[in-house]
Amino acid sequence: TGFALNYELEFQDLYQNSLILLNNASFKNLYFSSAPLSAADYYMLHDALLTLNAFTASKSFILQTGFVNPVNERYISSSCTSYLNDYYGNPSFGTILNRKGAYNVRTRRKSIFQIYPLDHIDHQTIIPIVQYQCGSYILSDPLIYYLKKSSFTAELSKYLMTENSSMFVYSTLTNQVIASTRQSQDADVRQLLTDTTPPVNGISAIRIDGRPYYCIQSSSQTGYCDPLLFISLIPFSDIRSQTNMAWRISLFALIVCCISSALISFFLAVKLYAPVNRIMRFFPHQGSSSHKPVDEMNLLDKHIESLVVSNSNMQNIMSNALPLVYTQYITNIL
């Protein structure tokens, strides 16, 4: 749900920034004006346009911001300002204002941002949004935003879980996908969400065009905009391929560890046995000399014989102790 939270925070941030917009003196004088502008008051229109331009530039995904001033019969926006008669019924503007009666018969929902059906301005798809509330104030002339769908979609690509997965942001009240990483599946997702038994929040298994998917769905919780659903589709094939890859990596790591352990054990055994073997060869074995000295050397022979016996005992003790030494030494290292 990380990408869902980030999208909702964008709406929350937009809402909080609008408070700053309405507190701007130049904008407020024009927005709350109750009389038509005189020639001497046209500076307010110029200052308000500069304020709207600065506000629009604060977010990369805002294409245009404006409002309708019924007193002056104008639509005033960061893009331009013109009389309402120029907008009504004029499809070249590509805004909600040119839809006959769309603005006047709008329904005020309890959400802060109301999302309209997708539209087109300057050869790009936009998301029209109307703001009815600013802080604790209910706006008599709502603010109108046009958000770039392409910018919203670009944000989605940061949260893709697998190579072939796709993500969608769906508006439940307008029944439209307002952002998606795979537009070819927009119609299928809409059909899926308008069925009698749509997927519930969480993870479910679905089929689209005969292919099985895991559907991860969560809904908006902040209340800063119309209810939204955030959907992620992950193909079963991606899960299988990543699972197989994990098994391959684990098996390869196990083989490498076994080979490394064998090589280390052999190396340490050779390095440990060589010096001990040299010491063992230094001591003569019992019975290695078959020629006894003459009788006058009996006393010396007894001393030498005792030394040989002692050396033989030492050799036996060290031979018996070597396996234990090897085991403890290698165990400590591993």
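Counting from 1, the numbers follow the sequence of the chain as shown.
- A donor-acceptor pair is defined here as one N or O able to donate and one able to accept, closer than 3.5 Å; such a pair exists between the side chain of Thr181 and the backbone of Met167.
- Contact between Ser77 and Leu49 at its shortest, heavy atoms only, is O-CD2, 3.0 Å.
- Rounded to the nearest 0.5 Å, atoms CD1 (Ile178) and CD1 (Ile127) are 4.5 Å apart.
- With rounding to the nearest 0.5 Å, the separation of CG in Leu22 from CG in Leu139 is 6.0 Å.
- Side chain to side chain, Ser171 and Thr174 meet the donor-acceptor criterion of an N or O pair below 3.5 Å.
- Closest of all the heavy-atom pairs between Leu118 and Val177 is CD1-O, 3.6 Å.
- Taking the side chain as every heavy atom from C-beta outward, Leu45 and Ile76 approach each other to under 4.5 Å.
- Taking the six-membered ring where the residue is Trp, the centroids of Phe27 and Phe67 are separated by under 6.0 Å.
- Using a 30° and 60° split on the angle between ring planes, Tyr15 and Phe113 fall in the perpendicular class, above 60°.
- Defined by atom type and a distance below 3.5 Å, a donor-acceptor pair is present between the side-chain atoms of Gln185 and Ser166.
- The shortest side-chain heavy-atom distance between Leu63 and Gln124 falls under the 4.5 Å cut-off.
- Looking at Leu143 and Tyr145, their side chains come closer than 4.5 Å, going by heavy atoms from C-beta outward.
- Remark: the Tyr75 side chain and the Asn69 side chain contain no N/O donor-acceptor pair separated by less than 3.5 Å.
- With hydrophobic clusters built from ILVMFWY side chains whose heavy atoms lie under 4.5 angstrom apart, Met44 shares a cluster with Tyr83.
- Separating the CZ atom in Arg211 from the CG atom in Leu233 is a distance of 10.5 Å, to the nearest 0.5 Å.
- Between Phe11 and Cys225, the closest heavy-atom pair is CD1-SG, 3.8 Å.
- One hydrophobic cluster, built from ILVMFWY side chains closer than 4.5 Å, cannot hold both Leu19 and Leu52; they sit in different ones.
- A distance-only check finds no donor-acceptor pair linking the side chain of Asn72 to the backbone of Arg74 [under 3.5 Å].
- Although no hydrogens or angles enter the test, the distance criterion places a donor-acceptor pair under 3.5 Å between the side chain of Arg190 and the main chain of Asn175.
- In the hydrophobic clustering of ILVMFWY residues, with side-chain heavy atoms under 4.5 Å counting as a link, Leu21 and Phe32 come out together.
- Between Tyr132 and Gln114 there is a side-chain heavy-atom pair separated by less than 4.5 Å.
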Run the numbers on Asp141 and Val68 for side chain to side chain contact (heavy atoms under 4.5 Å, CB included), then give the verdict. CA-CA 6 Å; Asp141 302 307; Val68 173; 5.7 Å; no
The test is side chain to side chain contact (heavy atoms under 4.5 Å, CB included); show your working for Gln176 and Asp186 and say whether it passes. CA-CA 8 Å; Gln176 63 182 339; Asp186 284 2; over 6 Å; no
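- Considering OG of Ser82 and CD of Glu73, their distance stands at 12.0 Å, rounded to 0.5 Å.
- For the side chain to side chain contact (heavy atoms under 4.5 Å, CB included) criterion with Phe168, the lone passing option out of Leu192, Leu193, Val189 is Val189.
- Put simply, Tyr42 and Tyr31 are part of the same group of oily side chains (I, L, V, M, F, W, Y) that touch within less than 4.5 Å, one to the next.
- One N or O on the side chain of Thr172 and one on the backbone of Pro227 form a donor-acceptor pair closer than 3.5 Å.
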Criterion side chain to side chain contact (heavy atoms under 4.5 Å, CB included) on His120 and Ile126, from CA distance to verdict: CA-CA 6 Å; His120 299 276; Ile126 59 170; 5.8 Å; no
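- A donor-acceptor contact closer than 3.5 angstrom links the side chains of Asp41 and Ser38.
- Under the 4.5 Å side-chain heavy-atom criterion for grouping Ile, Leu, Val, Met, Phe, Trp and Tyr, Val71 is not connected to Leu37 through any hydrophobic cluster.
- Side chains of Ile62 and Leu14 form a contact here, defined as non-hydrogen atoms less than 4.5 Å apart.
- One finds the OH atom of Tyr213 at 8.5 Å from the CD1 atom of Ile206 (value rounded to the nearest 0.5 Å).
- Formation of a donor-acceptor pair under 3.5 Å by the Gln64 side chain with backbone atoms of Gly66 is not found in this model.
- A donor-acceptor pair under 3.5 Å is absent between the side-chain atoms of Asp13 and the main chain of Leu9, judged by distance alone.
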Test Ile115 against Leu173 for side chain to side chain contact (heavy atoms under 4.5 Å, CB included), laying out the working first. CA-CA 8 Å; Ile115 300 176; Leu173 294 180; over 6 Å; no
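- The two residues Arg182 and Ser165 come nearest to each other via the heavy atoms NH2-O, 3.9 Å.
- Cys215 places a side-chain heavy atom less than 4.5 Å from the side chain of Ile231.
- A side-chain donor-acceptor contact under 3.5 Å links Ser78 to the backbone of Thr65.
- Looking at Gln131 and Ser18, their side chains do bring a donor and an acceptor atom within 3.5 Å of each other.
- For the atom pair OG1 (Thr153) and NZ (Lys148), the distance works out to 12.5 Å, reported to the nearest 0.5 Å.
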